[in-house]
Amino acid sequence: MTDKSQVQIPSGTWIVGKWTGRRWRIRGCLGVGANGVVYAVDRDDGLPGAMKVCEGAGQVAFEWSLLERVKGARSSFPAPQQIDDSDHPHAQYFYVMERVGGKPLDKVWLGLRPRIASACCTRSSLAWPICTRPDMHFVT
């Protein structure tokens with residue numbers, strides 16, 4: 001990602017879709033990844049969502065097409081809500097998907113650690129050689 005996509009949009013900022021006219025209010029940053037930034041947002045009618053802002057239209061279109069392909073009642077992926085462009089300098093290309101509740105990984109990792117260790121460190125596990133190496137261990 002470039003420095004432009006690393007700039008975080010402040011909470012309270014409204015992003016207006018060029019083509020749909022829909023307005024989304026930024027609530028806060030959910031995460032930053034290799035292909036963009038994801039924000040918790042609320043649509044102007046109150047519908048909650050997660051807005052993925054990418055540097056290029058191609059990235060947005062590709063990810064949107066994947067969400068469209070896997071959507072459905074039994075899908076474990078967030079449902080797509082809107083794809084659009086905006087005039088905001090840090091949110092030119094974006095899509096909005098269903099916002100799924102949960103806790104950040106850093107808040108739940110310590111609670112998962114014993115279960116992960118017991119699941120991966122059995123002799124029948126493919127991870128057994130890694131788990132038995134003295135130089136490999138879980139980060140705490």
Side-chain angles (χ1 to χ4, degrees):
M1 285 194 327
T2 65
D3 292 339
K4 179 181 172 184
S5 59
Q6 289 279 358
V7 176
Q8 294 201 3
I9 303 168
S11 295
T13 302
W14 285 94
I15 305 298
V16 181
K18 261 189 209 179
W19 310 109
T20 63
R22 276 285 187 199
R23 296 169 15 111
W24 297 89
R25 185 168 187 240
I26 303 290
R27 292 190 58 204
C29 181
L30 293 173
V32 179
N35 292 328
V37 181
V38 179
Y39 297 95
V41 296
D42 289 320
R43 197 165 68 185
D44 51 13
D45 65 358
L47 180 70
M51 177 184 285
K52 174 77 177 272
V53 177
C54 297
E55 188 174 322
Q59 292 168 315
V60 168
F62 176 74
E63 291 186 22
W64 180 261
S65 70
L66 290 177
L67 285 177
E68 282 288 319
R69 270 189 238 164
V70 298
K71 73 180 179 183
R74 294 182 181 214
S75 176
S76 58
F77 291 92
Q81 293 177 347
Q82 174 188 328
I83 184 170
D84 212 332
D85 301 340
S86 83
D87 289 326
H88 191 284
H90 303 297
Q92 289 179 324
Y93 308 106
F94 69 92
Y95 65 88
V96 182
M97 61 194 135
E98 169 188 24
R99 186 169 71 222
V100 180
K103 295 179 183 177
L105 183 58
D106 65 339
K107 303 293 185 227
V108 297
W109 178 251
L110 291 176
L112 293 174
R113 186 173 165 244
R115 284 182 275 172
I116 292 171
S118 65
C120 88
C121 294
T122 61
R123 290 194 183 273
S124 62
S125 169
L126 295 175
W128 176 252
I130 295 170
C131 294
T132 57
R133 287 182 46 193
D135 60 327
M136 300 293 287
H137 45 85
F138 287 99
V139 177
T140 58

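These numbers were taken from a predicted model, which means no experiment stands behind them. The chain is numbered in sequence order, starting from 1.
The distance from the CG atom of Asp84 to the CH2 atom of Trp64 is 10.0 Å, given to the nearest 0.5 Å. Between Arg43 atom CZ and Thr20 atom OG1 the span is 9.0 Å, to the nearest 0.5 Å. Put simply, CD1 on Ile9 and CH2 on Trp14 are 13.5 Å apart, with the number rounded to the nearest 0.5 Å. Here the CE atom belonging to Met97 is positioned 10.0 Å from the CE atom belonging to Met51, to the nearest 0.5 angstrom.
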| Please walk me through it: do Gln81 and Leu47 pass side-chain contact (heavy atoms from CB on, under 4.5 Å)? | CA-CA 10 Å; Gln81 293 177 347; Leu47 180 70; 3.8 Å; yes
| message | Run Val37 and Cys29 through side-chain contact (heavy atoms from CB on, under 4.5 Å) and show every step you take. | response | CA-CA 7 Å; Val37 181; Cys29 181; 3.7 Å; yes
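Note on residues 8-37: pairs passing salt bridge (Lys or Arg N to Asp or Glu O under 4.0 Å), not counting sequence neighbours, are Lys18-Asp87, Arg22-Asp44, Arg22-Asp45, Arg27-Asp42.
Glu98 pairs by the salt bridge (Lys or Arg N to Asp or Glu O under 4.0 Å) definition with nothing, not counting sequence neighbours.
Nearest heavy-atom pair, Gln59 versus Cys54, reported as atom, atom and distance to 0.1 Å: OE1-CB, 3.6 Å. Of all the heavy atoms in Phe77 and Leu67, the pair that sits closest is CB-CD2, 4.3 Å. In terms of heavy-atom proximity, Ala50 sits nearest to Leu30 at CB-CD1, 4.2 Å.
Test Thr13, Ile15, Ile26 against Tyr39 for side-chain contact (heavy atoms from CB on, under 4.5 Å) and you get one pass: Ile26.
At a threshold of 4.5 Å between side-chain heavy atoms, the hydrophobic network of Ile, Leu, Val, Met, Phe, Trp and Tyr places Val70 and Val96 in two separate groups.
You'll find the side chain of Asn35 reaches within 4.5 Å of the side chain of Glu63, heavy atoms only. With a 4.5 Å cut-off on side-chain heavy atoms, Ile83 and Pro80 do not count as touching. Counting heavy atoms from C-beta on, the side chains of Trp24 and Gln82 come closer than 4.5 Å.
Judged purely by distance below 3.5 Å, without hydrogens or angles, the side chains of Ser86 and Gln92 never pair a donor atom with an acceptor atom. If you check the side chains of Glu55 and Tyr93, you find no donor sitting under 3.5 Å from an acceptor.
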